[in-house]
Amino acid sequence: MKGLAALLALDAAPGKPAERLSVLRREVDRMQAILDEFLNFSRPLVPVALGEVELAGLCQEVAALHEGLARERHVELTVGPPGAVGRCDPRKVKQVLVNLLQNSLDASPPGSEITLEAAREAGVVKVRVLDRGRGLDPAVRERLFSPGGTTKPNGSGLGLTIARALARQQGGELTLSPREAGGTVAELTLPASAGVDAASGAPAGGGPP
């Protein structure tokens, strides 16, 4: 359906035909996203492939994927400095960050900013997606991690359930909390690398020599 719609769009006349095809393509994309979430939820989690990952670089990749959507919604994306190295499966972490960033974009008003950052803290690496959206009611915050829990009219309620399962599969955790002065902090905690800090070249233990 996506392929045929894309081909038809090449020759679509301006005006209503082009507009209707655009709506069709958006709806097919939405259907695919929902189906992907159901498939991810229903099938067993595939084994992780752990490695040393510089997480700010992964944040930059995820931000680049959403650059067009952010521009369309007049939201600025920023990425924190490099340096924090975690032990994780980059494919699965990327899937989690895509979900978190999409949620933040849906919640963010025009003219606001979303920040993705990674930092080492006490033997773990914390990757955060910070927005200035409307925030979350504490009464529903934890329920969002249960199947079917969503604040979106057309949401499947599986995205955060899958994201937390992926985090825990790697020995990590995923939480949501209010951000000071408004908004939400989505925080992914991952085991830190036992190797060398990517920014300073110092041992990743973070303490004095």
Side-chain angles (χ1 to χ4, degrees), residues 45 48-66 70 75-108 112-138 140-146 149 159-208:
L45 292 171
V48 293
L50 298 177
E52 310 295 300
V53 181
E54 200 285 302
L55 288 158
L58 203 58
C59 289
Q60 189 68 58
E61 289 181 27
V62 173
L65 286 174
H66 294 81
V75 174
E76 184 178 356
L77 300 180
T78 62
V79 178
V85 178
R87 183 162 178 77
C88 57
D89 184 330
R91 301 166 303 162
K92 294 180 183 292
V93 172
K94 190 172 185 178
Q95 184 177 346
V96 173
L97 292 178
V98 164
N99 178 275
L100 298 180
L101 183 51
Q102 288 176 350
N103 288 345
S104 288
L105 282 167
D106 288 342
S108 294
S112 64
E113 180 181 79
I114 298 173
T115 300
L116 294 87
E117 62 181 26
R120 185 184 177 96
E121 297 180 13
V124 297
V125 174
K126 296 190 175 183
V127 187
R128 300 183 182 96
V129 180
L130 306 98
D131 65 50
R132 289 297 185 193
R134 55 188 173 273
L136 295 171
D137 184 340
V140 303
R141 191 184 304 143
E142 195 61 27
R143 185 159 52 83
L144 296 177
F145 291 105
S146 300
L160 286 173
T161 305
I162 296 166
R164 176 174 272 183
L166 291 173
R168 289 178 173 177
Q169 190 188 19
Q170 302 172 78
E173 186 56 274
L174 177 62
T175 60
L176 300 175
S177 59
R179 187 180 183 189
E180 189 176 347
T184 299
V185 179
E187 184 173 270
L188 172 63
T189 303
L190 295 166
S193 167
V196 174
D197 183 86
S200 66

- Criterion side chain to side chain contact (heavy atoms under 4.5 Å, CB included) on Ile114 and Leu130, from CA distance to verdict: CA-CA 6 Å; Ile114 298 173; Leu130 306 98; over 6 Å; no
- Verdict with supporting geometry, Leu97 and Val127, side chain to side chain contact (heavy atoms under 4.5 Å, CB included): CA-CA 9 Å; Leu97 292 178; Val127 187; 3.8 Å; yes
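Atom CG of Leu166 is separated from atom CG of Asp89 by 9.0 Å, given to the nearest 0.5 angstrom.
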Side-chain donor/acceptor pairs under 3.5 Å, residues 185-192, sequence neighbours excluded:
unit_1, atom_1, unit_2, atom_2, d
Glu187, OE1, Arg128, NE, 2.7
Glu187, OE1, Arg128, NH2, 3.3

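With hydrogens and angles ignored, the 3.5 Å screen pairs no side-chain donor or acceptor of Glu121 with any backbone N or O of Gly123. Put simply, the side chain of Glu76 never gets that close to the backbone of Ser112: no donor and acceptor are under 3.5 Å apart. Between the Asp131 side chain and the Gly183 main chain, no donor and acceptor come within less than 3.5 Å of each other. The main-chain N or O of Ser193 is found under 3.5 Å from a side-chain atom of Arg120 such that the two form a donor-acceptor pair. In this structure, Gln95 contributes its side chain and Arg91 its backbone to no donor-acceptor pair below 3.5 Å. Looking at Glu52, its side chain never comes within 3.5 Å of a backbone N or O of Gly86 through a donor-acceptor pair.
Considering only heavy atoms from C-beta on, Leu77 comes within 4.5 Å of His66 through its side chain. Using a 4.5 Å heavy-atom cutoff, the side chains of Lys92 and Gln169 are in contact. Residues Val79 and Val62 form no side-chain contact, since every pair of their non-hydrogen atoms from C-beta on lies 4.5 Å or further apart.
Here the rule is side chain to side chain contact (heavy atoms under 4.5 Å, CB included) with Val96, and of Asn99, Leu100, Val98 only Leu100 fits it. Val125 pairs in a side chain to side chain contact (heavy atoms under 4.5 Å, CB included) with only one of the listed residues (Val53, Val85, Leu55), which is Leu55.
Annotation: side-chain hydrogen bond (donor to acceptor under 3.5 Å, both in side chains) contacts of Glu61 (sequence neighbours excluded): Lys94. Partners of Ser108 according to the side-chain hydrogen bond (donor to acceptor under 3.5 Å, both in side chains) rule, which considers only residues two or more places apart in sequence or in another chain, do not exist here.
Classification of Glu117 and Lys126 as a salt-bridged pair fails, no side-chain N sitting under 4.0 Å from a carboxylate O.
Residue Ala49 comes nearest to Pro90 through the heavy atom pair O-CD, 4.1 Å, listed as atom of the first residue, atom of the second, then distance. Nearest heavy atom pair, residue Val93 against residue Gln170, reads CG2-OE1, 3.7 Å. The heavy-atom pair separating Gly80 from Ala56 by the smallest distance is O-CB, 4.0 Å. Contact detail for Glu180 and Arg132: the closest heavy-atom pair is O-NH1, 2.6 Å.
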